[in-house]
Enquirer: 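Take a look at the following structure, please.
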Amino acid sequence: MDMLRNFPGIIPVNKQASIYTGYINICNEDYRIHIELPDKKNLEELQFSCDWKLQQLLHGYTAILKQRLKQCTTLCQYLLEVKSLVERQLEGRQQVQQRGSSQVCAQLLGEVEHLGWDRLVSIDARFQTLELQCKDKKGRQHILKVTLSPQHPRVAPKCVVDLPGQFHIQWKSTSNLEWLYEQFEVAMDSYQDFIDVMEELDRKTWILEPEKPVYSATYRRIAVSTSVSIQISVDYRHPRVLPECRFLGADQAVVPLRESLNSNLHLWDEQKGLLENLQVLLGTELPSPATSSKEEFSVECGICYAYRLDTELPNQACSDARCGQPFHQTCLYEWLRALPSSRQSFNTIFGDCPYCSKPIKVKMPVKK
Ligand SMILES: [Zn+2]
Ligand SMILES: [Zn+2]
């Protein structure tokens, strides 16, 4: 038998050809082996060692291999025996895996059937990831994205949801999709007040950020006037409590608003919605989509003429009341730095507004 033809990866490493080493390829996988053959005439004295992967595959077959070795007359013959044994092992494993995944598949279809097909939005070709829809009390659609474990239902699936808090699931080896769905409904219900409160803001004010609010987003940047916005961070567990507020805009416009907010804090009423409370505290009505257009508030930067620069919004405004032109911090900083008339002191640069030439200053942007 021809060693070189059958096992080109295994070569003798000494003149007597009593030691062989190299790789054996089985089902497109290389396994490292080492063979010592002290007496060529007596194959039974052969010492065979191999890498960990092959050891795993041959585990439990030592007696069989010994038996085969007795019947073989050449090393090549013996290696062919090893090879065919491993091939059968690998084939068997594949069948078990296929049977396993078709069982998961049948189980899954049964669970979806039970849950109701109308709740299934999508499922991938491998029957591993599925999206379930759920309507809340106000008829809003929520999606539960489930990735099943190959050992489903013994191992808990992974879930992705769009809710402000964590979604921890309870799971036992006898649990099913219906149980998961019920837990999602409970979680979803617990955020209804938060979603109601946020949705009122989204509907009745101009939200500058996030661009497209999702249920998990707990902050909003709301337009107050053309040059001022307020950013609020809402506690989703207590959505009607006074949120953290931060103003963005030119100082002379922000100062009176901040003063109004601080002096009216006692008027905050947790029985009311965020919108109503904010308007009371600011002493002004917030611009509404019913009476204005968003372009009035998403005023572009006076230097690059864009509104969004990466994630930066134009929140540096000229403090001259007649100008009030907003700029991106980065744009204004670069602009002033390039002019010889500007002067820098520590991390602040002082110069003239590119629009009205009145004095303007800007801090060096923090590199992200
Ligand atoms: Zn800009
Ligand atoms: Zn100006």
Side-chain angles (χ1 to χ4, degrees), residues 198 201-202 204-214 216-234 243-262 278 282-289 291-368:
M198 299 307 262
L201 286 174
D202 294 345
K204 297 186 181 167
T205 70
W206 284 120
I207 301 296
L208 303 180
E209 279 196 79
E211 226 175 335
K212 290 191 181 74
V214 286
S216 55
T218 56
Y219 80 98
R220 294 290 188 275
R221 181 165 166 177
I222 306 166
V224 179
S225 67
T226 47
S227 59
V228 181
S229 58
I230 182 170
Q231 182 161 315
I232 60 166
S233 300
V234 179
E244 212 182 289
C245 300
R246 194 161 72 94
F247 288 100
L248 296 136
D251 278 353
Q252 93 281 354
V254 161
V255 169
L257 287 167
R258 194 179 288 133
E259 278 169 2
S260 168
L261 183 107
N262 288 336
L278 280 174
L282 296 175
T284 178
E285 216 160 280
L286 292 170
S288 142
T291 55
S292 57
S293 78
K294 193 172 187 179
E295 285 67 47
E296 293 173 45
F297 307 101
S298 46
V299 181
E300 44 200 41
C301 164
I303 293 168
C304 71
Y305 300 114
Y307 177 61
R308 212 172 274 274
L309 179 71
D310 294 329
T311 55
E312 204 183 324
L313 298 187
N315 56 23
Q316 305 288 311
C318 172
S319 52
D320 184 87
R322 279 161 302 170
C323 175
Q325 174 66 44
F327 305 98
H328 292 118
Q329 191 181 359
T330 312
C331 294
L332 186 59
Y333 180 78
E334 293 301 328
W335 174 278
L336 293 178
R337 209 171 58 145
L339 294 176
S341 55
S342 304
R343 77 189 162 81
Q344 184 147 5
S345 166
F346 298 106
N347 61 349
T348 304
I349 197 159
F350 300 83
D352 302 329
C353 168
Y355 269 68
C356 68
S357 304
K358 295 272 162 51
I360 195 167
K361 63 178 183 196
V362 65
K363 279 200 173 126
M364 192 194 314
V366 184
K367 290 260 181 299
K368 275 170 213 155

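Only this structure's heavy atoms are used, side chains among them; waters, hydrogens and symmetry mates stay out. In listed order, ligands and their atoms are each counted from 1.
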Enquirer: Is the Lys NZ or Arg CZ of Arg258 less than 6.0 Å from the centre of Phe247's six-membered ring, within 45° of the axis?
Expert: no
Enquirer: Which residue is it: Lys363, Met364, His328? I am looking for the one with a side chain to side chain contact (heavy atoms under 4.5 Å, CB included) to Tyr333.
Expert: Met364
Enquirer: Partners of Glu244 by salt bridge (charged side-chain N to carboxylate O under 4.0 Å, His left out), sequence neighbours excluded?
Expert: none
Enquirer: What is the distance from atom CD of Gln325 to atom SG of Cys301, rounded to the nearest 0.5 Å?
Expert: 7.5 Å
Enquirer: Are the side chain of Ser260 and the backbone of Leu282 linked by a donor-acceptor contact shorter than 3.5 Å?
Expert: yes
Enquirer: Given a threshold of 2.8 Å, state how many protein N/O/S atoms are nearer than that to the Zn ion (ligand 1).
Expert: 4
Enquirer: Is any side-chain heavy atom of Val228 less than 4.5 Å from a side-chain heavy atom of Leu248?
Expert: no
Enquirer: For Glu296, check side chain to side chain contact (heavy atoms under 4.5 Å, CB included) against everything at least two apart and list the hits.
Expert: Ser292, Ser293
Enquirer: Specify the closest pair of heavy atoms between Tyr355 and Cys323, including all atoms of both residues, with the distance to one decimal.
Expert: CB-SG, 3.9 Å
Enquirer: Counting only heavy atoms not in Trp335 (residues, nucleotides, ligands), do more than 12 fall under 6.0 Å from its CH2?
Expert: no
Enquirer: Which N, O or S atoms belonging to the protein are less than 2.8 Å from the Zn ion (ligand 2)?
Expert: Cys318 SG, Cys323 SG, Cys353 SG, Cys356 SG
